[in-house]
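Please read the structure below before turning to the comments.
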Amino acid sequence: MKEKIDALLGEIKAAQAETEEQLEAYRLRFIGTKNVVKDLMQGMRDVAPDLRKEMGQSLNTLKNAAQDKFQELVGDVNRQKSADESHDHVDLTLPAAGTPLGGVHPIQAMEDQIIQIFSRMGFNVSDGPEIEDDWHNFTALNFPPNHPAREMQDTFFIERNPDMVLRTHTSNTQIRVMEGQKPPIRTICPGRVYRNETITARSHCFFHQVEGLYVDKGVSFKDLKDTLYHFAREMYGKNTKVRFRPSYFPFTEPSAEMDISCFICDQKGCNVCKYTGWVEILGSGMVDPNVLEACGIDPDVYSGFAFGMGIERQAMLKYQVNDLRLFSENDVRFLKQFQSL
Ligand code: PHE
């Protein structure tokens with residue numbers, strides 16, 4: 001019996017299975033209801049009593065070895081099977097699937113373009129906080145306390161007394177630049193701004209702006225017009241015409257809004273320009289002396305101009321998008337159309 005047990009142990013150790021059939025053959029021989037180990041157990045009756053204990057232990061070892069090996073072979077066969085399956089699905093002759101490419105968001109693309117145009121004219125880029133105190137968003141910009149112009153801005157307040165607000169324009173950054181730097185200052189301030197407006201196709205509770213500031217000795221309204229005229233032609237084409245309309249902002253005096261000739265209908269009249277031939281693109285003006293003074297710049301020595309535009313508005317015009325909400329909904333079908341920007 002001892003030799004038989006040793007022979008079977010050797011057989012178990014050497015056993016291999018790559019297919020279901022081989023596994024089943026092993027199972028029938030060593031695990032099934034009529035397996036060889038059971039056969040040997042039957043033979044225990046004929047073993048001399050003084051050898052029974054030792055034989056019993058050897059048989060147990062054999063039984064465990066048979067079972068352990070079975071588990072191992074099940075694992076081998078399964079692994080083989082899944083490897084076969086995954087190979088079955090690979091057709092090496094097929095062309096490789098393309099890697100989907102991302103794209104720059106149209107608002108970012110527009111912002112980059114605006115920055116490029118102004119940086120070619122010597123403007124640098126400044127950044128400021130979106131959560132702002134009353135001084136930088138209003139007071140330093142010549143909004144007197146309780147002045148109705150504050151209401152015009154539909155402000156989101158985070159705290160009252162002292163007020164902390166979500167900035168309503170990036171003019172806050174211009175104040176911070178003037179407080180921290182000496183003229184000459186030539187900078188543009190891109191960024192996100194917030195206003196408590198109902199969300200519709202034409203307005204949103206947040207949008208993006210680029211504002212600009214030029215402060216030096218002898219800066220005049222002519223410089224303002226030349227700079228913005230150049231911008232309009234770079235952005236909307238060489239034949240773009242501009243016109244300035246008087247306007248009001250607390251922080252500039254005089255103030256003007258700038259229109260460009262409608263590049264969609266070439267001033268023949270269309271939906272975009274509401275049949276006027278002109279579309280408004282930005283606000284501008286000469287920096288009010290009170291603002292310079294609030295920032296520690298002597299208005300008797302220095303003057304400056306400032307301007308501000310909404311990026312969404314420019315993008316809507318340029319790409320003829322008719323719903324502002326599309327820019328913040330992350331709909332890939334919409335964004336894909338700008339992939340080449
Ligand atoms: N801050 C103004 C706004 O958000 C835009 C502006 C900037 C107008 C600078 C004139 C000069 O409406």
Side-chain angles (χ1 to χ4, degrees), residues 107 111 114-115 118 121 123 125-130 132 134-144 147-156 165-178 185-197 202-215 219-229 231-232 242-260 279-292 294-295 297 299 302-314 324:
I107 296 302
E111 183 182 308
I114 297 170
I115 290 174
F118 282 103
M121 289 190 269
F123 284 75
V125 177
S126 305
D127 204 9
E130 290 180 19
E132 191 52 285
D134 176 88
W135 170 258
H136 291 95
N137 196 79
F138 289 125
T139 306
L141 284 155
N142 202 31
F143 285 83
H147 191 279
R150 291 181 183 227
E151 304 302 315
M152 274 164 49
Q153 302 251 349
D154 299 309
T155 313
F156 280 118
V165 304
L166 292 180
R167 67 174 175 193
T168 58
H169 45 192
T170 60
S171 307
N172 69 324
T173 307
Q174 308 191 6
I175 297 299
R176 288 178 179 274
V177 169
M178 284 191 279
I185 293 170
R186 240 179 308 180
T187 194
I188 52 172
C189 317
R192 182 177 279 190
V193 302
Y194 302 82
R195 292 186 194 177
N196 188 5
E197 290 191 37
R202 319 200 87 240
S203 64
H204 210 296
C205 59
F206 66 79
F207 59 98
H208 298 78
Q209 276 191 329
V210 177
E211 293 209 354
L213 175 71
Y214 181 17
V215 181
V219 176
S220 69
F221 202 86
K222 180 179 187 305
D223 297 317
L224 177 156
K225 284 177 85 173
D226 285 349
T227 307
L228 297 179
Y229 186 32
F231 165 73
V242 301
R243 73 175 186 189
F244 289 85
R245 282 178 293 105
S247 184
Y248 170 77
F249 300 103
F251 33 87
T252 49
E253 182 59 37
S255 305
E257 265 161 341
M258 187 174 91
D259 298 340
I260 56 168
V279 281
E280 182 204 319
I281 62 162
L282 54 81
S284 64
M286 299 306 291
V287 181
D288 193 292
N290 289 344
V291 176
L292 294 175
C295 301
I297 294 175
Y302 293 102
S303 58
F305 70 76
F307 55 89
M309 63 187 99
I311 304 182
E312 277 83 350
R313 178 157 177 76
Q314 314 272 323
L324 184 72

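Order of appearance sets the numbers: ligands from 1, and atoms from 1 within every ligand. Each residue takes its place number in the sequence, starting with 1.
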key: pair R195-S203: side-chain heavy atoms closer than 4.5 Å   = no
Verdict with supporting geometry, F231 and F118, ring-ring contact (aromatic ring centres under 6.0 Å, His included) = CA-CA 7 Å; F231 165 73; F118 282 103; 5.1 Å; yes
task = Pick one of side chain, backbone, both or neither for how S255 approaches ligand 1, counting any non-hydrogen atom pair under 4.0 Å.
result = neither
key: Contact (N/O only, under 3.5 Å) between S284 and ligand 1   = no
inquiry  = For R202, is there an ion pair with E197 - N to carboxylate O distance below 4.0 angstrom?
reply    = no
message = Given 3.5 Å as the limit, does a donor-acceptor pair link the side chain of R167 with the main chain of R192, or not?
response = yes
Sub-4.0 Å heavy-atom approach of F305 to ligand 1 = no
Atoms in ligand 1 with a heavy atom of R195 nearer than 4.0 Å = 3 (C), 4 (O), 12 (O)
Working for side-chain contact (heavy atoms from CB on, under 4.5 Å), residues M309 and Q314 = CA-CA 8 Å; M309 63 187 99; Q314 314 272 323; 3.6 Å; yes
query = If you take all heavy atoms of E132 and N137, which pair is closest and at what distance?
reply = CG-N, 3.9 Å
key: For G283, atoms of ligand 1 separated by under 4.0 Å from a heavy atom   = 8 (C), 10 (C)
message = I'd like to check which ligand 1 atoms, numbered from 1 as shown, lie under 4.0 Å from a non-hydrogen atom of F251.
response = 1 (N), 2 (C), 6 (C), 7 (C), 8 (C), 9 (C), 10 (C), 11 (C)
key: Q209 near ligand 1 by a heavy-atom separation under 4.0 Å   = yes
query = Going by the atom numbers of ligand 1, which of them fall below 4.0 Å from some non-hydrogen atom of F307?
reply = 7 (C), 9 (C), 11 (C)
request  = Give yes or no for whether the N/O distance cutoff of 3.5 Å, strictly under, is met between T168 and ligand 1.
outcome  = no
Protein contact to atom 5 (C) of ligand 1 [nearest heavy atom, distance to 0.1 Å] = E211 OE2, 3.5 Å
